[in-house]
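The block underneath contains the structure these notes are about, expressed in structure tokens.
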Amino acid sequence: MMLHRFVEPAVRSALTRMGVSADHPIALETPRNAGQGDLASTVAMSLAKTLGKAPKVIAEEICTELRSAPYIQHVDVAGPGFINVTFDRSVYHVVLAELLQQADGIGRSSIGVGSRVNVEYVSANPTGPLHAGHGRNCAVGDTIANLYAWCGFNVTREYYFNNAGNQMNKLAESIDARLHQHLGADVEFPEDGYHGEYITLIAQHVADAHGSAVLDLPEVERRDLCKKAGEQWCFATIRATLEKLTIHHDVYFNEDSLYTDGKVQQVIDTLRGNGLAYEKDGALWFALEQLGNPQDKVIVKSSGEPTYRLPDIAYHCDKLERGFDVVVDIFGADHIATIPDVVAGVRAMGLDETKIRTVIHQMVTFIEDGEVVKFSKRSGTSFTLDDLIEEVGADVVRFFFIMRAVGTHLEFDLNLAKEEGDKNPVFYLQYAHARIASILRKAAEQGLQVSDAVDLSVLVHDKEIALIDVLSRYGGTIERACVNLEPQAVAEYLREVAAAYHHFYHDCRILGTEEPLQSARLALALVTQRALRNGLQIVGVSAPDVM
RNA sequence: GCGCCCAUAGCUCAGCUGGAUAGAGCAGCAGCCUUCUAAGCUGUAGGUCGCAGGUUCGAAUCCUGCUGGGCGCGCCA
């Protein structure tokens, strides 16, 4: 936080004099209540035991040092030993001037410079369109990738395209069956096949492309044709949906490449060589118990086909071998069980599994008119992500899916989402942005421009200071959201920024005010607009100039 | 049965590394537009932070147990 640096050096110096080691953290927080200063520290209380002194005594000693530090108006000790710092108002002018100079870079951080991170998200099987629930993975993953990028990391956004498993054969069988039906042949639809309307659509494409002669092809060849057509259609459909949410992946990693490259075989060989894989009942087992996990698991079925675990391990090894410093997986709660196995596998392969970070988001429930929406009851077939975007718009989809902590179950209120008024939290943020845009337009028409040389010292109103205070926490908030993988912290912060601006707007007239106050307020509005625009960009929501 | 997650205002949820009187939106009630966008603002009301212990100067936050809900525990992915 930007204000910390006006306090930390003096506190550190006082602590050093008391013989406290330099790595002792200096806890600083923004007091919740009025009358407790602008910044408070609990460091005196945390040191009471080690120093063997009363917290108030320690606090007093620190205060002596602090009182002579620049920009500090007064310091006092309160309660059990809180150190409450009140800044001279000029500190806020210094901070705002810096924020103004950062221009469009406000909120950026450099903590990740020099590090490469891979964020894998969406990764839905290419066996059909994305359903509405997939939206959470999409939004959370893309926001986390954005956060890394804003913190200076070199980010690769990756989609693990699961095109080698058994489910692709089921897709091919389903399409083949519809193909026969479409061409007038009588066949039974596979019991566990995919029933969506899109299967019929893909079958029609195959029929159109190859004519009825396709039925005369050998089954293997025809199935392959169906599989390819299905994969292509699903891939294109999924990408089109992601496009609507402004999500673009850098790498689409094909699962089948793990077989053609020999990566899967390499895992088998290494595990065997280390005595971590053994044959039983005709299958190959991964000796997870030896690695401390609850039970051994099959990695190659007796049919010779691998289970998903094997390519998953090979895939994660591949990501680490590509040299990423951090490998992030975004998973739904239904995938929790697979993670320990993969991590154990990566470690068994001799790679650093601590670079892997997993984000597990809980499930989503859609509510409409007070009732739970059944996925299967929408549009006759299923409630797709496209349907959801169609109903509430891409901005609302992205924001609603990240506005709650990933670890909690999300209730997606469709009525609230569709509301285009004051109840909808997305509009509250966008409205603040549009309001500022409007003022800046009018200012420009009058020939007013914000320059870095503007005199900010005239900003002394409570609401002005409060807004600057919120803005000063921008960088730190983004860093924390990134390090902790908490997208909702951005949503929460943006609400604070918008609220602080609306309060300021209500009390402080900008245009038509005497100079230099008009210019100073204009500068404050400009910085706020940049903060909102950047924050909205991080969560993938548009920042309209007009509403 | 085992593992992971969750439990905070009527509803949906915030709550930074434990901190001072627990925060916001919606719903409720009462107000504010001849002036930069009222998609805004102000006020009011609403709570044994699931329960019981423990650690601590201090616990919604950490630990243990319990209750209630979600997800998972396959030679499916």
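Below, chain A is the first sequence line, B the second, and so on; all start at residue 1. All values derive from a computational prediction rather than experimental measurement.
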Can Arg404(A) and Glu411(A) be said to form a salt bridge (Lys or Arg N to Asp or Glu O under 4.0 Å), step by step?
CA-CA 9 Å; Arg404(A) 304 305 186 201; Glu411(A) 197 157 299; over 6 Å; no
Would you kindly give the NZ-to-C1' distance between Lys56(A) and rG58(B), to the nearest whole Å?
14 Å
Could you tell me whether Glu61(A) and Lys53(A) have a side-chain N and a carboxylate O separated by less than 4.0 Å?
yes
For a quick check of understanding: with a heavy-atom distance under 4.0 Å over all strands, which category does Ala40(A) fall into, base, sugar-phosphate or nothing?
base
So what does Asn415(A) touch, heavy atoms closer than 4.0 Å: a base, only the sugar-phosphate, or nothing?
nothing
Ignoring hydrogens and angles, does a donor from either the side chain of Asn33(A) or the base of rA22(B) sit under 3.5 Å from an acceptor on the other?
no
Contact class for Glu486(A) (heavy atom, under 4.0 Å): base, sugar-phosphate, or nothing?
nothing
Between rA52(B) and rG68(B), how far apart are the C1' atoms? Round to whole Å, please.
15 Å
Could you give the distance separating rC29(B) and rU34(B) at their C1' atoms, to the nearest angstrom?
29 Å
Atom C1', compared across rG1(B) and rC62(B): separation rounded to whole Å:
28 Å
Does Phe366(A) have its ring centroid less than 6.0 Å away from the ring centroid of Phe383(A)?
yes
Answer yes or no: is there a donor N or O on one side and an acceptor on the other, between the side chain of Asn163(A) and the main chain of Asn254(A), under 3.5 Å?
no
Nearest whole angstrom, please: distance from the C1' of rC6(B) to the NE2 of His361(A).
15 Å
I'd like the P distance from rA24(B) over to rU35(B), given in whole Å.
30 Å
Using a 4.0 Å heavy-atom cut-off, does Asn169(A) contact any base of the nucleic acid, only the sugar-phosphate backbone, or nothing at all?
nothing
Of all the heavy-atom pairs spanning Met168(A) and Pro126(A), show the shortest one and how long it is.
SD-CG, 3.8 Å
When you check the glycosidic angle of rC49(B), does it come out syn, meaning within 90° of 0, or anti?
anti
If the C1' atom of rG53(B) is compared with that of rU67(B), how far apart are they to the nearest Å?
15 Å
Lys NZ or Arg CZ of Arg435(A) over Tyr505(A) ring: under 6.0 Å, within 45°
yes
I need the CE-P distance between Met403(A) and rG15(B), as an integer number of Å.
13 Å
Nucleotides 17-19 of chain B: which of its N/O atoms have a protein N/O under 3.5 Å away?
unit_1  : atom_1 : unit_2   : atom_2 : d
rU17(B) : O4     : Leu28(A) : O      : 3.4

Under the 3.5 angstrom rule, does the side chain of Ser41(A) hit a backbone N or O of Ala27(A) as a donor-acceptor pair?
yes
rU55(B) versus rA27(B) - spacing of their C1' atoms, nearest Å:
41 Å
Classify the side-chain pair Asn125(A)/Thr127(A) by whether it contains a donor and acceptor separated by less than 3.5 Å.
no
Round to the nearest Å and state the distance from Glu496(A) atom CD to rG15(B) atom P.
11 Å
Name the nucleic acid region contacted by Gln36(A), choosing base, sugar-phosphate or nothing; use a 4.0 angstrom heavy-atom cut-off, strictly under.
base
Readout for nucleotides 66-77 of chain B: B = base within 4.0 Å of protein heavy atom, S = sugar-phosphate only, - = neither; 5' to 3' it is ---BSSSS-BSB
How about Tyr252(A) and Tyr160(A): are their ring centroids closer than 6.0 Å?
no
Taking a pair as Watson-Crick (N1 to N3 plus N6-O4 or O6-N4) or G-U wobble (N1-O2 and O6-N3), both under 3.5 Å, which stems of 3 or more consecutive pairs involve RNA chain B?
B:1-7 with B:67-73, B:10-13 with B:23-26, B:28-32 with B:40-44, B:50-54 with B:62-66
Polar pairs (N or O, both sides) under 3.5 Å between protein and nucleotides 39-43 of chain B?
unit_1  : atom_1 : unit_2    : atom_2 : d
rA39(B) : N3     : Glu420(A) : O      : 3.2
rG40(B) : O2'    : Arg435(A) : NH1    : 2.9
rC41(B) : OP1    : Tyr428(A) : OH     : 2.7
rC41(B) : O2'    : His506(A) : ND1    : 2.9
rC41(B) : O2'    : His506(A) : NE2    : 3.2
rU42(B) : OP1    : His503(A) : NE2    : 3.3

Rounded to whole angstrom, note down the C1' distance from rA30(B) over to rC57(B).
44 Å
Just by distance, no angles: are the side chains of Asn84(A) and His74(A) close enough, under 3.5 Å, to form a donor-acceptor pair?
no
Pick from Val426(A), Thr143(A), Val539(A): which one makes a side-chain contact (heavy atoms from CB on, under 4.5 Å) with Arg398(A)?
Thr143(A)
Thr358(A): side-chain hydrogen bond (donor to acceptor under 3.5 Å, both in side chains) partners, not counting sequence neighbours:
none
Without decimals, in angstroms, what is the distance between Glu492(A) CD and rU12(B) P?
18 Å
Which comes earlier along RNA chain B counting from the 5' end, the contact point of Lys49(A) or that of Arg495(A), where each point is its nearest nucleotide?
Arg495(A)
When rounded to whole Å, the CG to P distance for the pair Leu410(A) and rC5(B) reads 19 Å
Flag the pair His433(A) / Tyr501(A) as yes when their ring centroid distance falls below 6.0 Å, and as no otherwise.
no
Sorted by chain and number, sequence neighbours left out, side chain to side chain contact (heavy atoms under 4.5 Å, CB included) with Tyr308(A) holds for Asp312(A), Thr338(A)
Take atom P in rU8(B) and the same atom in rG50(B), then report the distance between them in whole Å.
6 Å
Can you tell me how far C1' of rC6(B) sits from CZ of Arg136(A), to the nearest Å?
11 Å
How are the rings of Phe401(A) and Phe412(A) set to each other: parallel, tilted or perpendicular (split at 30° and 60°)?
tilted
Rounded to the nearest angstrom, tell me the gap between atom CZ in Phe399(A) and atom C1' in rU12(B).
13 Å
Determine whether the aromatic ring centres of residues Phe504(A) and His461(A) are separated by less than 6.0 angstrom.
no
